[in-house]
Amino acid sequence: MPLSPEADRRSLDDLVSGGLLDAQAAADLGPVAAAYPVTLTATLAAAIDPMDPGDPIARQFVPSLAELLAAPEELADPIADDAFSPLKGIVHRHADRLLLKPVHVCPVYCRFCFRREMVGPGAKALTAAELAAALDYIRRHEEVWEVILTGGDPLMLSPRRLAGLIAALDAIPHVAVIRLHTRVPVAAPERVSAALIAALATADAALYIAVHCNHARELGDAARAACARLSGAGIPLLGQSVLLRGVNDDEASLTALMRALVKARIKPYYLHQGDLAPGTAHFRTTITEGQALMRHLRANASGLCQPHYVLDIPGGHGKVPIGPAYLAPGPEGGYEVTDLAGNRHAYPPAPADAATSGAPAVLDDDGRVLRSSPEGSGVR
Ligand SMILES: *Cc1c(COP(=O)(O)O)cnc(C)c1O
Ligand code: SF4
């Protein structure tokens, strides 16, 4: 039976009837679907070009046999959430902030998900008692400045349950910031209703939303309207993207993504190096490739378009920036700085440069060069 365009695709059969998979491929993919959930919302299904075998949206959500290939370096719990979980639903790795995971379902299931062993319709949400225990833990830990709601996807909660949770967190005096990580605005924008936005209102805590988005085409009309409703309600939006082979690992796609985010009033926050989740090697780039892309982005796009390129160190050692370096040690305690064209400059400039530049050097009282030439004094 053909699927209505409004229906979500929740199985391989749905992907076949939606024209996104042929019947033979679906038969072969049985073991993948048995291992990891399959769901693609109508909104994102509509963004796929079925004629493009390498479509960057399809690649993120339509299962592939490559998911059954485990690479030796891959880990079921790549960033060791479990090792830092003092009780169910909480990951407390850094003293000042923790993750609270009230639900384990998502509007879509990304094939590269770093928590793919933990999310899905089969996984259980926190019970009322478990959520109460998690809130008690936060109340008892006064060092917790920020609570990050993730999962799964916290915007899969009903507005009523979400309102209860946000109000409980907002009432904890030491919780200054509530951050939600979500794919709902791009994957299921219709969920961003007036009731949901009302549920996010806080009296005291600052509430931020980090929107997970990996390709400019995910920000269609409906997604941009949902983001506008959120930012219109005074909620700052941050962008979280994963660097993915065949999705955004080329200069044009990555630049277009960052510009589309900024245009939707979403400030790019993190570009994640792909985590070592099982069966995701076909999505990972090398870090060297990622650094080259970041260098291109820095040289060709607005400063607003620059995310931090980060690696979550396997084993639970936290996220660190792994972007290209522009600064290296130079002679005599100075530095060598690389400009956007790849040319290297001594910093501070050597006095000899000043003498040969054709313009009188400007020195301070101690004889240090303040300015070597009129060009050197330009606006930065
Ligand atoms: C990613 C993460 C955070 C948030 O890190 P930020 O750098 O503040 O965005 C907090 N706790 C854990 C366990 C995380 O994995
Ligand atoms: S939305 Fe996030 S948690 Fe859910 S499947 Fe995608 S990457 Fe995983």
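In listed order, ligands and their atoms are each counted from 1. No experiment lies behind these values; they were computed from the predicted model shown.
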Identify, for atom 1 (S) of ligand 2, the protein heavy atom at the shortest distance, and state residue, atom and that distance. Arg183 CD, 3.4 Å
Out of all atoms in ligand 1, which are within 4.0 Å of some heavy atom of Tyr270? Include the element for each. 6 (P), 7 (O), 9 (O)
Ion pair present between Asp249 and Arg245, side-chain N to carboxylate O less than 4.0 angstrom? yes
Is there a heavy atom of Arg115 sitting under 4.0 angstrom from any atom of ligand 2? no
Tyr347 vs Tyr335 aromatic rings, parallel, tilted or perpendicular, using cut-offs 30° and 60°? tilted
Could you tell me whether Phe112 and His282 have their ring centroids closer than 6.0 angstrom? no
Among Gln60, His212, Gln240, which one puts a heavy atom closest to atom 7 (S) of ligand 2? His212
Will you find, in the side chains of Arg179 and His181, an N or O donor that is under 3.5 Å from an N or O acceptor? yes
N-O pairing of Glu73 and Arg284 below 4.0 Å: yes
Nearest non-hydrogen protein atom, atom 6 (Fe) of ligand 2: Cys110 SG, 2.4 Å
Tell me whether Cys113 has at least one N, O or S atom under 2.8 Å from atom 4 (Fe) of ligand 2. no
Structural part of Phe84 in contact with ligand 1, heavy atom criterion under 4.0 angstrom: neither
Below 4.0 angstrom, N of the basic side chain to O of the carboxylate: do Asp312 and Lys319 qualify? yes
Is ligand 2 under 4.0 Å from a heavy atom in the side chain of Cys106, in the backbone, in both, or in neither? side chain
Between Asn214 and His212, a side-chain donor and acceptor under 3.5 Å: yes
Does only the side chain of Arg97 get under 4.0 Å from ligand 1, or the backbone, or both, or neither? Count heavy atoms. side chain
Cation-pi check for Phe84 against Arg93: NZ or CZ below 6.0 Å from the six-membered ring centre and within 45 degrees of the axis, yes or no? yes
Is a salt bridge present between Asp81 and Lys101, judged by a nitrogen-to-oxygen distance below 4.0 Å? yes
Indicate, as side chain, backbone, both or neither, the part of Ile148 found under 4.0 angstrom from ligand 1 when only non-hydrogen atoms are considered. side chain
Heavy atoms only, cut-off 4.0 Å: how does Arg179 contact ligand 1, side chain, backbone, both, or neither? side chain
Is Arg93 in polar range of ligand 1, meaning some N or O pair under 3.5 Å apart? yes
Between Thr255 and Arg259, do the side chains contain a donor N or O and an acceptor N or O under 3.5 Å apart? no
Numbering the atoms of ligand 1 from 1, which are under 4.0 Å from a heavy atom of Val91? 13 (C)
Classify the contact between Arg116 and ligand 2 as side chain, backbone, both or neither, using a heavy-atom distance cut-off of under 4.0 Å. neither
Provide the number and element of each atom of ligand 1 under 4.0 Å from a heavy atom of Tyr269. 6 (P), 7 (O), 8 (O), 9 (O)
Ignoring hydrogens and angles, tell me if any N or O in the side chain of Asn248 forms a donor-acceptor pair with the backbone of Leu254 under 3.5 Å. no
Note: ligand 1 atoms sitting under 4.0 Å from heavy atoms of His94 are 10 (C), 11 (N)
Can you tell me the protein heavy atom closest to atom 3 (C) of ligand 1 and the distance? Lys319 NZ, 3.5 Å
Looking only at heavy atoms, is any part of His92 under 4.0 Å from ligand 1, and if so is it the side chain, the backbone, or both, or is it neither? neither
